[in-house]
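In what follows, every chain begins at residue 1, and chains take the letters A, B, ... in the order their sequences are listed. No experiment lies behind these values; they were computed from the predicted model shown.
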Amino acid sequence: MASITSVRGFKDILPEETAKWRYVEETARRVFACFGVKEIRIPLLEKTELFKRGIGEATDIVEKEMYTFLDRGGDYLTLRPEATASVIRAYLEHHLYTKEPLSKLYTMGPMFRRERPQKGRFRQFHQINVEFLGLDDPRIDSELIFMLIHFLRAVGLEDLTLEINSLGCPLCRPAFRDRLTSFLADKENALCEDCRRRLGTNPLRIFDCKQEGCRETIAGAPLILDYICDDCDAHFKEVQRHLDTLDTPYRVNRRMVRGLDYYTRTAFEVTTSALGAQNAVTGGGRYDGLPKLLGGPDIPGIGFAIGVERLISMQPAGAEGSNANPDLFIASLGEKARDFAYGLSNRLRASGLIAEMEFSDKGLKSQMKRANKLGCRYTLIIGENELATGNAPLRQMDGGEQRDVALSSPRDLSAILRTGKTNT
RNA sequence: GUGGGUGUAGCUCAGUUGGUUAGAGUGCCGGGUUGUGGCCCCGGAGGUCGAGGGUUCAAAUCCCUUCACUCACCCCA
């Protein structure tokens, strides 16, 4: 009978990797707390309608990548493909906007998209999301970006490129869109098959195409920045001015666009060459129309999403945390000694120390081997003799120094272990 | 959804133009040496060669199908 494996694109995160994950998550919590960003936890499952409205009916995510099913009650439900729509739903549903003029929220967890897996892309993947809701002050944009860069540096990332652009607003973007479409209208033959399709659905995305012919064609195309309205232009200039003030280097990428419909004005991306084709670690931007689109008041917002798998895969060695090594290994020879070791190790654990013991009746040599492999700081050896005399040798694994401890007073033992602990 | 690459021991991989009982390193188990662990030495266990079918006297090797993994397109974090 064939063994059962995990679902395609759904990965196990094994104990040897979880320390890295915790390190990233804990760093995020610490950094975000300094900036007054509070955690919000949202469900993994939402009504399908939320994503249809929030992300856009015509996007690939909604059209063909969502895990959607008909619930027994008759509702169509969907495993969340992103977090922003849910966060705003919760923000509106609980009227958080009545409590404070600006809500800074973060959440982290798995997202689900049924794409073909490849490097840096999985069907279940994890994001860290931050949303600043309530104000459209350009200082908010710059603060969010500043915090993002600060966080990425704090987890040890280097060689990052921050690119920003403005996508305009519902007042000025339609005009640009028309302009672009008419520019491309007579050049359709020069475009690849995909781009011809995009011409009808989402012409801005042609800027992202990697095909040689399309790149040449788009090179002469009008750019959004030349068409945005005065308000959007002023907003974008202010964002840049504040980024300068905060010493955050960036590059204006006049060709950068977004895949999701809800983005307005400021858009940004952090990329790296270390990730292969999926080179975006972070994408984000302003979405001033989204809360209203989801049935709430007209409240502005801006946010970003970090791809945690991508972030972790580009972390330099040594920057990540590690799982704690045991303080003590208790080697035992014989059933009685093993019983004693069992009682002692569990009491030590309950007192806050990390203790390991051997359950098999292997020889001392192989027990020592295991203690060494586990990276234990001390090994205590208990045999018939030790039980009789009441003293057992405690060996320091790195230095090799050895001394006897009284088995009758585990407090002494625990004191020795603790002093060592504070010293290291 | 479309294309390329790869599936041999727990892990990383050899396996020549098809040719006896399919190998190495590492890990695991046992033993020797060592002051009770790291180094070294000896021995041992472990493989439906991804799966199914075909060609052949003979298939890990050639052909077809299928599945999985992987990279890229698409899309996006």
Side-chain angles (χ1 to χ4, degrees), chain A residues 1-9 11 14 16 55-56 58-66 80-84 108-130 148 152 192-195 197-198 201-202 205 208-211 214 257-260 263 268-272 275-285 303-314 329 331-333 358 360 362-383 385-386 392-400 402:
Chain A
M1 183 137 64
S3 57
I4 297 173
T5 60
S6 70
V7 174
R8 182 151 147 90
K11 300 285 182 196
L14 300 175
E16 58 195 25
I55 302 173
T59 57
D60 277 24
I61 293 179
V62 171
E63 262 181 8
K64 46 196 180 192
E65 292 174 3
M66 296 204 303
R80 63 179 188 197
E82 58 121 51
T84 302
M108 43 178 93
M111 308 294 157
F112 306 87
R113 297 198 317 224
R114 222 198 109 89
E115 302 178 272
R116 189 88 174 256
Q118 71 183 71
K119 189 181 178 69
R121 194 174 80 181
F122 313 98
R123 291 183 172 183
Q124 175 179 320
F125 61 102
H126 296 75
Q127 286 189 343
I128 296 173
N129 284 78
V130 175
L148 167 64
L152 294 174
C192 70
E193 198 182 322
D194 289 321
C195 285
R197 179 174 50 78
R198 289 177 181 129
T201 57
N202 197 349
R205 301 242 37 186
D208 284 340
C209 190
K210 290 161 189 163
Q211 299 283 324
C214 301
V257 294
R258 302 267 76 177
L260 277 43
Y263 286 111
F268 56 93
E269 226 166 74
V270 178
T271 56
T272 168
L275 285 177
Q278 309 297 317
N279 63 352
V281 205
T282 303
F304 63 75
I306 300 171
V308 181
E309 282 85 353
R310 291 182 188 180
L311 189 158
I312 284 174
S313 76
M314 60 185 290
F329 186 89
S332 53
L333 299 165
E358 176 64 43
S360 76
K362 281 178 187 158
L364 186 57
K365 174 187 168 150
S366 82
Q367 295 193 41
M368 291 300 287
K369 229 176 185 173
R370 188 168 157 232
N372 189 55
K373 198 170 190 176
L374 288 169
C376 298
R377 288 174 35 245
Y378 288 92
T379 298
L380 183 69
I381 299 162
I382 303 174
N385 258 354
E386 284 73 19
L394 177 70
R395 190 185 177 91
Q396 203 169 337
M397 295 302 275
D398 47 2
Q402 187 171 311

Please report, rounded to the nearest Å, how far the [atom2] atom of [N] is from the [atom1] atom of [X].
X        : N     : atom1 : atom2 : answer
A:Glu309 : B:U70 : CD    : P     : 13 Å
A:Glu16  : B:G27 : CD    : C1'   : 14 Å
A:Glu115 : B:G1  : CD    : C1'   : 12 Å
A:Leu374 : B:G37 : CG    : C1'   : 12 Å
A:Arg123 : B:C69 : CZ    : C1'   : 13 Å
A:Glu65  : B:G1  : CD    : P     : 12 Å
A:Lys64  : B:C75 : NZ    : P     : 8 Å
A:Glu63  : B:G1  : CD    : C1'   : 13 Å

Flag side-chain contact, heavy atom, 4.5 Å: [X] against [Y]:
X        : Y        : value
A:Leu333 : A:Ile382 : no
A:Thr84  : A:Asn129 : yes
A:Pro81  : A:Arg114 : no
A:Tyr378 : A:Arg395 : no
A:His126 : A:Pro110 : yes
A:Phe329 : A:Leu374 : yes

Counting distance only, does the side-chain N/O of A:Arg377 pair as donor-acceptor with the main-chain N or O of A:Met397 below 3.5 Å?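 Judged by distance alone, no pair lies under 3.5 Å.
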
Between the main-chain N or O of A:Lys362 and the side-chain N or O of A:Gln367, is there a donor-acceptor pair closer than 3.5 Å?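 Confirmed, A:Gln367 side chain pairs with A:Lys362 backbone.
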
Reference residue A:Glu115; test salt bridge (charged side-chain N to carboxylate O under 4.0 Å, His left out); the match among A:Arg123, A:Arg121, A:Lys64: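 Result for salt bridge (charged side-chain N to carboxylate O under 4.0 Å, His left out) with A:Glu115: A:Arg121.
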
Using the [atom1] atom as the point on both nucleotides, what is the distance between [M] and [N], in whole Å?
N     : M     : atom1 : answer
B:G7  : B:A60 : P     : 15 Å
B:G25 : B:G19 : C1'   : 27 Å
B:C63 : B:U56 : P     : 16 Å
B:A24 : B:G43 : P     : 12 Å
B:G3  : B:G18 : C1'   : 31 Å
B:C62 : B:G15 : P     : 12 Å
B:A51 : B:A22 : P     : 16 Å
B:U21 : B:U17 : C1'   : 24 Å

Parsed dot-bracket for RNA chain B after applying the Watson-Crick and G-U rules with both distances under 3.5 Å and | for other-strand partners is (((((((..((((.....[...)))).(((((.......))))).....(((((..]....))))))))))))....

When you measure from the side-chain N and O atoms of A:Lys369 to the phosphate of B:G27, is any distance below 4.0 Å, counting only OP1 and OP2?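 It does not, given that no N or O in the side chain of A:Lys369 lies less than 4.0 Å from OP1 or OP2 of B:G27.
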
side-chain N/O A:Arg116 vs B:U2 OP1/OP2, d < 4.0 Å: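 The answer is no; no side-chain N or O of A:Arg116 sits under 4.0 Å from OP1 or OP2.
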
Residue A:Asp60, side-chain atoms from C-beta onward, closest of B:C69, B:C74, B:A77: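 The closest nucleotide is B:C74.
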
Using a 4.0 Å cut-off on protein heavy atoms (strictly under), produce a 5'-to-3' string for nucleotides 29-36 of chain B with B for base contact, S for backbone-only sugar-phosphate contact, and - for none. SS-BB--B

So which heavy atom on A:Thr379 is nearest to which on A:Met368, and how close?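 In this case the closest contact between A:Thr379 and A:Met368 is CG2-SD, 3.8 Å.
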
Spell out yes or no: do the side chain of A:Gln118 and the base of B:C69 have one donor N/O and one acceptor N/O closer than 3.5 Å?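 Check fails, no donor-acceptor contact within cut-off.
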
Go through the N and O atoms of the side chain of A:Arg121 and the base of B:C75, and report whether any donor-acceptor pair is under 3.5 Å.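 Donor-acceptor pair under 3.5 Å: yes.
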
